[in-house]
Chemist: 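The following block contains the structure, expressed as structure tokens.
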Amino acid sequence: MEPVNRRDFMKSVAVAGAVAASSSSVGEAEDAPTGPVFLSTWPFGQAANERAAEVFHAGGSLLDAVEKGINVVEDDPKIMSVGYGGLPNEDGVVELDAGIMDGTRHRAGSICNLHHIKNPISVARQVIERTRHTTMAGEGAFLFALKMGFHPEQLLTPASLERWLKWKATPNHVTYWITPEHHDTIGMVATDGQEHVVAGCSTSGLAWKIPGRVADSPLVGCGFYADDNAGGASATGDGDLMTNYCTSISIVRMMERGASPQEACNELLRHMARTDPKNKDSQSAVIAMNPRGEVGAASMNAQFHLQYAVWKNGRSQLLDSVILY
Ligand code: ASP
């Protein structure tokens, strides 16, 4: 492939960059970091970042920090799109996906369609630490989790069961054979302040999804990606769509070619819109960080407006991402 000249590349993202400058409070997060930085999707990402920072400052590795930070969201039954209490698939079974990647070793672990184990990010971590595999799915992932000492439990809470029963009882209810409904992902990208990058994410996926569905979150390069040489990224939104754009690796490679994290996020979403204008109405949002701890975040449109959390220089903030269309 032709190497991309930084000036040409910057020209191609200049318009997107202008949007970034005009329509976001992202600037507030831009004071230069002096240590680790944690960046996460959605308001629930703030508690995840704070836990991650605590773990890191207590001597944990960056992988520990990202894993334990994401555990906070997985453990919270009030968050109905991740972990315990996540909305189930169309059969009423909670089916979880997660992945984590170490940007130094270029090594990821991921888990798809996991039942009865509330912390898929921790199972994904064990895939890295204990196997030579990268992705494990379904029954095999469950048996692997048991071998690793995880305990099975009922992940459907009274509240998520009630939502599922209501959906089932609604005549002509919306199904994922056709239209998407409730979803979100905790995605996190982190650096230790010394240009080491880790990324991870965890989700219960789309509510009422067809059993066996795998979307972007647990796929390396789609839901998450980390490379110490270039940065890390994560995605949230309509994973059935976003998988087709390998969003996270695309953003990381743009940063490698000279784009700032914000420019790379904007350009990825613009690319999706250019290839199919219908994507302007899609639920798509991305976050990114370079190894220096500079961050970016963008949403395709105002209907699916990502708020993202940044922990930096001891300060935890919740910010609005750039909206592109
Ligand atoms: N991307 C996730 C999925 O499609 C959901 C989300 O992030 O909103 O499973």
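Just follow the structure's listing: the first ligand is 1, and inside any ligand the first atom is 1.
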Chemist: Determine, using the 4.5 Å side-chain heavy-atom cutoff (strictly less than), whether Phe224 and Val72 are members of one ILVMFWY cluster.
Modeler: no

Chemist: Mind telling me whether Phe38 and Phe56 have parallel, tilted or perpendicular rings, with 30° and 60° as the class edges?
Modeler: perpendicular

Chemist: Are any of the heavy atoms in Arg213 under 4.0 Å away from ligand 1?
Modeler: yes

Chemist: State the atoms of ligand 1, each with its element, that fall below the 4.0 Å cut-off from a heavy-atom position in Ser217.
Modeler: 1 (N), 2 (C)

Chemist: If hydrogens are left out, which of Ser234, Ser204, Gly223, Gly237 has an atom nearest to atom 2 (C) of ligand 1, that is, the closest non-hydrogen atom?
Modeler: Gly237

Chemist: Would you say ligand 1 has an N or O under 3.5 Å from any N or O of Asp97?
Modeler: no

Chemist: Do the non-hydrogen side-chain atoms of Asn113 and Val214 ever get within less than 4.5 Å of each other?
Modeler: yes

Chemist: Ignoring hydrogens, just give me the one of Glu95, His183, Lys209 whose non-hydrogen atom is nearest atom 8 (O) of ligand 1.
Modeler: His183

Chemist: Quick one about Ser160 and Thr157 (side-chain donor to acceptor, distance below 3.5 Å, no hydrogens or angles considered), yes or no?
Modeler: yes

Chemist: So is there a nitrogen or oxygen of Phe304 less than 3.5 Å from a nitrogen or oxygen in ligand 1?
Modeler: no

Chemist: Indicate, with yes or no, if the rings of Trp42 and His183 have centres closer together than 6.0 Å.
Modeler: no

Chemist: So which heavy atom in the protein is nearest atom 7 (O) of ligand 1, and how far is it from that ligand atom?
Modeler: Thr185 OG1, 2.5 Å

Chemist: Using a 3.5 Å cut-off on N or O atoms only, is Asp216 in polar contact with ligand 1?
Modeler: yes

Chemist: Any chance the side chains of Asn266 and Glu263 put a donor and an acceptor closer than 3.5 Å?
Modeler: no

Chemist: Between Ser234 and Gly223, is there a donor-acceptor pair closer than 3.5 Å when you use the side chain of the first and the backbone of the second?
Modeler: yes

Chemist: Within ligand 1, which atoms have a heavy atom of Thr236 less than 4.0 Å away?
Modeler: 6 (C), 7 (O), 8 (O)

